[in-house]
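The structure under discussion appears below in the form of structure tokens.
Predicted, not measured: the structure shown is a model, and the values here were computed from it. Note that the numbering runs from 1 along the sequence shown for the chain.
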Amino acid sequence: MKIALIAHDGKKADMVAFVMKRLKFFKRKDVELVGTGTTGTMIEHAGLQVELVASGPMGGDAQIGAMVTQGKVDGVIFFRDPLDKHPHDVDISMLMRLCDVHNVPLATNYRSAHIMIKYFTNK
């Protein structure tokens, strides 16, 4: 299964902490990770293999959206910062819409991501 990891600047530390607390899951042989720019690089530095795409503002959200439409992503964890404006809001909305259209689970905060990983752990 392939999980996409995305985090806005103010949430990147939360994403790394989230992944570190669940290393057993994220290191499973049947789990692949894809991440946008800096987020993916930070996860790599935590010791995991990550397929890197562009940063969000440079089209990474759109790249992951394309993977969703192709059936190549099983879940998206996107720690969004709802208190900040983002120049690529259109791409963010597109990714969220594509997850809905293609029935791909999308977690946008720590607790919903926890529930998603708990589900995938027991699958």
> Quick one: OG1 on Thr41 to NE2 on His45, what's the gap to the nearest 0.5 Å?
Replying inline: 6.0 Å

>> Measuring only between side-chain heavy atoms, which start at C-beta, is Phe26 closer than 4.5 Å to Ile117?
In response: yes

> Which residue pairs satisfy the salt bridge (charged side-chain N to carboxylate O under 4.0 Å, His left out) criterion with at least one member in residues 102-111, sequence neighbours excluded?
Replying inline: none

> Where the side chain of His8 meets the backbone of Arg80, is there a donor-acceptor pair that is under 3.5 Å apart?
Replying inline: no

> Quick one: ring-ring contact (aromatic ring centres under 6.0 Å, His included) partners of Tyr110, sequence neighbours excluded?
Replying inline: Phe18

> Passes side-chain contact (heavy atoms from CB on, under 4.5 Å), Ile3 versus Phe120? Steps please.
Replying inline: CA-CA 10 Å; Ile3 307 292; Phe120 282 136; 3.7 Å; yes

> Which residue pairs pass the salt bridge (charged side-chain N to carboxylate O under 4.0 Å, His left out) test with at least one member in residues 65-79, sequence neighbours excluded?
Replying inline: none

>> Just so I know, are the side chains of Arg22 and Lys27 near enough to count as touching, which here means a heavy-atom distance under 4.5 Å?
In response: no

>> Let me confirm one number: the CE-CZ distance from Met116 to Phe25, rounded to the nearest 0.5 Å.
In response: 9.5 Å

> Could you walk me through whether Cys99 and Val76 pass the side-chain contact (heavy atoms from CB on, under 4.5 Å) check?
Replying inline: CA-CA 8 Å; Cys99 286; Val76 176; 3.7 Å; yes

> Under 3.5 Å, is there a donor-acceptor pair between the side chain of Asp61 and the main chain of Pro57?
Replying inline: no

>> Please determine whether side-chain contact (heavy atoms from CB on, under 4.5 Å) holds for the pair Leu106 and Phe78, giving the CA-CA distance in whole Å, both sets of side-chain angles, and the decisive distance to 0.1 Å.
In response: CA-CA 7 Å; Leu106 169 67; Phe78 189 169; 4.1 Å; yes

> Is any side-chain heavy atom of Met67 closer than 4.5 Å to a side-chain heavy atom of Val53?
Replying inline: yes

>> Can you tell me how far apart OG1 (Thr69) and CG (Leu95) are? Round to the nearest 0.5 Å.
In response: 10.5 Å

>> What verdict does the side-chain contact (heavy atoms from CB on, under 4.5 Å) test give for Ile6 and Ile77, after you've listed the backbone C-alpha separation in whole Å, the side-chain angles of each residue and the deciding distance to 0.1 Å?
In response: CA-CA 6 Å; Ile6 309 165; Ile77 299 175; over 6 Å; no

> Once you round to the nearest 0.5 Å, how far does OG1 of Thr121 lie from NE2 of His114?
Replying inline: 9.0 Å

> Any side-chain hydrogen bond (donor to acceptor under 3.5 Å, both in side chains) pairs touching residues 95-107, not counting sequence neighbours?
Replying inline: none

> Excluding sequence neighbours, so at least two apart, what forms side-chain contact (heavy atoms from CB on, under 4.5 Å) with Ala54?
Replying inline: Met58, Gln63

>> Going by the rule salt bridge (Lys or Arg N to Asp or Glu O under 4.0 Å), which residues pair with Glu51 if we only count those two or more places apart in sequence or in a different chain?
In response: Lys2

>> Suppose we screen for side-chain hydrogen bond (donor to acceptor under 3.5 Å, both in side chains). Which residues come up paired with Ser112, at least two apart in sequence or across chains?
In response: Asn109

> For Asp30, which residues count as a side-chain contact (heavy atoms from CB on, under 4.5 Å) partner, sequence neighbours excluded?
Replying inline: Met1, Arg28

>> So, using side-chain contact (heavy atoms from CB on, under 4.5 Å) as the criterion, who are the partners of Val50 when residues are at least two apart?
In response: Leu33, Ile43, Glu44, Leu52

> Under the salt bridge (Lys or Arg N to Asp or Glu O under 4.0 Å) test, which residues partner Lys12, sequence neighbours left out?
Replying inline: Asp9

>> Quick check for you: to the nearest 0.5 Å, what is the distance between Leu23 atom CG and Leu48 atom CG?
In response: 5.5 Å

> Take atom OH in Tyr119; do more than 12 heavy atoms of anything else shown fall under 6.0 Å from it?
Replying inline: no

> Can you tell me how far the OG1 atom of Thr36 sits from the CE atom of Met15, to the nearest 0.5 Å?
Replying inline: 8.0 Å

